[in-house]
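Heads up: the structure comes next, in structure tokens.
Starting from 1, each residue takes its place in the sequence as its number. If you're wondering where the values come from, they're calculated on a predicted model, not measured in any experiment.
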Amino acid sequence: MGEERLDDVPGGAAAGEGLHISPLMERLQPLLARHDVPVYLVGGAVRDALLQEIGYDLDFAAPEGAIELAFRVGDALGAPAFVLDHERDIGRVVLPDDPGVLDFARFRGETLEADLKDRDFTINAMALPAGALDHDHLIDPCGGLEDLERGLVRMTHESALADDPVRVLRALRIAARFGFRMTPDTVQAVQVAAPELRDVSAERVRDELLKLLQTERPDEGVGQMDALGVLDVVLPEVAALRAVEQSPPHHEPVLAHTLSVLRWLVQVEAAVVEGQDPAAPPLAEAQEALASYAADLREHLGREVVGGVDGRALLRLGGLFHDVGKARTQEVDDDGRIRFFGHDKEGAGLATHRLRRLHLSNEVVRTVQSMVAAHMRPLFLNQAEKVTRRAVYRFFRDAGDAGVDVGLLTLADHLATYDGAGDAGEWEGLLDVVGRLYRHYFEAYEETVAPPPLLDGNELMDALDMRPGPEVGRLLRLIEEAQAAGEVGTKEEALALAREAHGREG
């Protein structure tokens, strides 16, 4: 960008202009001003403010007394405060009714300048006095503003990544989030430090990976992980897809296809879920076909699952792992056609293994496992003559709530396979299948997806003079499926079906 300044960058703040900072700062400034030593806003929140974005995670640095300050702020806000690190004097305030957290830390060196120079990247090594949050008071000892203007991710010092290898993933995530490029020395440092990620705690790797996947360019982030040797260390099962070829209609090897799925998934989310202007004609068709469910889908993807992981992160994980079983299941027919029988089941197991190694919760693991296992099902339904209520019931019986995610994933998978809609009839059929699945899930849940029981196990055993055992469960499941299919609707009809089925089994 040469001599271009931030006021020439779209969205950038001009000198002397107010910055976009969390509205919470209006409440914090009087509290911080009463502290005995100066307090500074540092790191990502400053970077985001210069880009006219609001960062809700706020990091503060002070010469001393950071934990004490955290508890004083927590008391004033009526929010809980915690000690993160006694030795390094780091405390945190969690805001139950606001997004983000407040972290308070003692300077990493003797001065604020030493603290900033010890951080990861120059664009994260800027500060603002907590009482003077404007462009003119920017503290920038590493040239972060210039790198921000030029769209560069640059280390603050040559050992920045070696000192903390998780910064490797952070560099890739920042580049993917903003569309920046890493400087050559930073690229080299990423390659050198990547193997050291094996010694970083699984939780820290997990958190950075999830943040990377939730950017608007997850395909670029994962692609850079592959190009720089990071993918082999962090996600070896995904890296194994690199050279796995596929037959038409696929036009890319499996890893490249996976990146395309992530790219299309972002566009499907934007068009179908968020209602943004579609970037391509097939997305406009998807938006129109599924418009009735946009609000429901927003709620589904916006839900917090556990530990800060939301529905959107789960969907991106599903996209990342959906074909991970293909490396182990590839077969070549006599005619040269490549097939992957059972890759969905194999992939579910591989995804489960890796996500457990990353210390994700049981709920997250189960959901992604279900997505991977079921991601082919809508394609099979599209080949059927009719999508019956029984088929819908069986789909959600097996996939659970993850079936909602599978609908979006299937659309992205199809678009990636054909690099667009492909055959118009097949694309329209797939949209119809996904629409039918969503109609039953969002509008007829208790009729088709999870009908309320017509009778319980005790009633069934009394009526059929049965003892407890697996047969009772089998008959109850049979009744539920028939109820979902619209074949029984009363207790009497359910008992008649059970008698007939029990008699045949006997």
Side-chain angles (χ1 to χ4, degrees), residues 13 18-109 111-112 115-116 118-121 123-134 137-140 144 164 166-167 170 173-174 177 203-204 206-208 210-211 214 304 306-310 313:
L19 302 176
H20 284 202
I21 298 178
S22 169
L24 184 63
M25 283 302 303
E26 294 183 11
R27 297 171 61 191
L28 291 174
Q29 280 182 312
L31 303 175
L32 301 178
R34 293 198 292 270
H35 198 52
D36 297 335
V37 295
V39 181
Y40 300 89
L41 182 68
V42 296
V46 177
R47 174 203 67 214
D48 292 349
L50 289 166
L51 292 172
Q52 297 297 77
E53 295 186 9
I54 294 179
Y56 292 98
D57 289 335
L58 303 180
D59 294 332
F60 297 93
E64 59 185 2
I67 290 176
E68 176 190 352
L69 177 58
F71 277 88
R72 285 172 55 187
V73 169
D75 288 343
L77 297 178
F82 306 91
V83 176
L84 291 185
D85 190 325
H86 265 296
E87 183 177 353
R88 296 168 58 197
D89 192 14
I90 303 176
R92 169 170 292 178
V93 177
V94 178
L95 306 170
D97 298 324
D98 293 282
V101 296
L102 311 178
D103 281 347
F104 299 83
R106 185 180 63 218
F107 289 168
R108 302 179 186 193
T111 64
L112 174 64
D115 175 288
L116 296 175
D118 190 45
R119 291 177 180 267
D120 48 13
F121 308 107
I123 58 176
N124 290 341
M126 297 179 281
L128 288 166
L133 300 173
D134 61 72
H137 290 86
L138 182 69
I139 302 167
D140 181 18
D164 185 1
V166 83
R167 291 171 172 175
R170 194 172 302 149
R173 187 246 299 175
I174 292 172
R177 176 183 171 187
E203 291 83 0
R204 297 186 71 209
R206 171 201 67 203
D207 292 346
E208 284 295 338
L210 289 173
K211 290 177 182 178
Q214 291 181 87
E304 181 170 330
V306 66
V309 178
D310 65 10

Please output the side-chain donor-acceptor pairs of residues 83-94 that fall under 3.5 Å, not counting sequence neighbours, one pair per line with the distance.
residue, atom, partner, partner atom, Å
Asp85, OD1, Glu87, N, 3.1
Asp85, OD1, Arg88, N, 3.0
Asp89, OD1, Ala66, N, 3.4
Asp89, OD1, Ile67, N, 2.9
Asp89, OD2, Gly65, N, 3.2
Asp89, OD2, Ala66, N, 3.0
Arg92, NE, Asp103, OD1, 2.6
Arg92, NH2, Asp103, OD2, 2.9

Can you give each donor-acceptor pair under 3.5 Å made by side-chain atoms of residues 22-39, sequence neighbours left out, with the distance rounded to 0.1 Å?
residue, atom, partner, partner atom, Å
Ser22, OG, Leu24, N, 3.2
Gln29, NE2, Ala130, O, 2.9
His35, ND1, Arg72, NH1, 3.1

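Of the inter-residue distances, the one linking Glu64 atom CD with Phe107 atom CZ reads 10.0 Å to the nearest 0.5 angstrom. To the nearest 0.5 Å, atom CZ of residue Arg167 and atom CZ of residue Arg204 are 8.5 Å apart. For the atom pair CG (Leu128) and CG (Leu41), the distance works out to 6.0 Å, reported to the nearest 0.5 Å. Rounding to the nearest 0.5 Å gives a distance of 12.5 Å between OH of Tyr56 and CD1 of Ile21. Rounded to the nearest 0.5 angstrom, Asn124 CG and Arg47 CZ are separated by 4.5 Å.
Looking at Leu95 and Val101, their side chains never come closer than 4.5 Å, going by heavy atoms from C-beta outward. Within the 4.5 Å cutoff, no side-chain heavy atoms of Asp164 are placed close to those of Asp120.
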* To do: With side chain to side chain contact (heavy atoms under 4.5 Å, CB included) as the test, would you mind laying out the steps for Leu102 and Asp59 before giving the verdict?
  => CA-CA 6 Å; Leu102 311 178; Asp59 294 332; over 6 Å; no

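Looking at Ile139, Leu116, Val46 one by one, the single match for side chain to side chain contact (heavy atoms under 4.5 Å, CB included) with Met126 turns out to be Val46.
Closest approach of Ala81 and Ala70 over heavy atoms only: CB-O, 3.8 Å. Between Tyr40 and Ala127, the shortest heavy-atom contact is CB-CB, 4.4 Å. Residue Gly144 comes nearest to Ile123 through the heavy atom pair O-CG2, 3.5 Å, listed as atom of the first residue, atom of the second, then distance.
Between Lys211 and Asp207 there is no salt bridge, since none of the side-chain N atoms of the basic residue sits less than 4.0 Å from a carboxylate O of the acidic one. Contact check on Asp115 versus Arg106 returns no salt bridge, with no Lys/Arg side-chain nitrogen under 4.0 Å from an Asp/Glu carboxylate oxygen.
Using modelled atom types, one side-chain atom of Gln214 and one backbone atom of Leu210 make a donor-acceptor pair closer than 3.5 Å.
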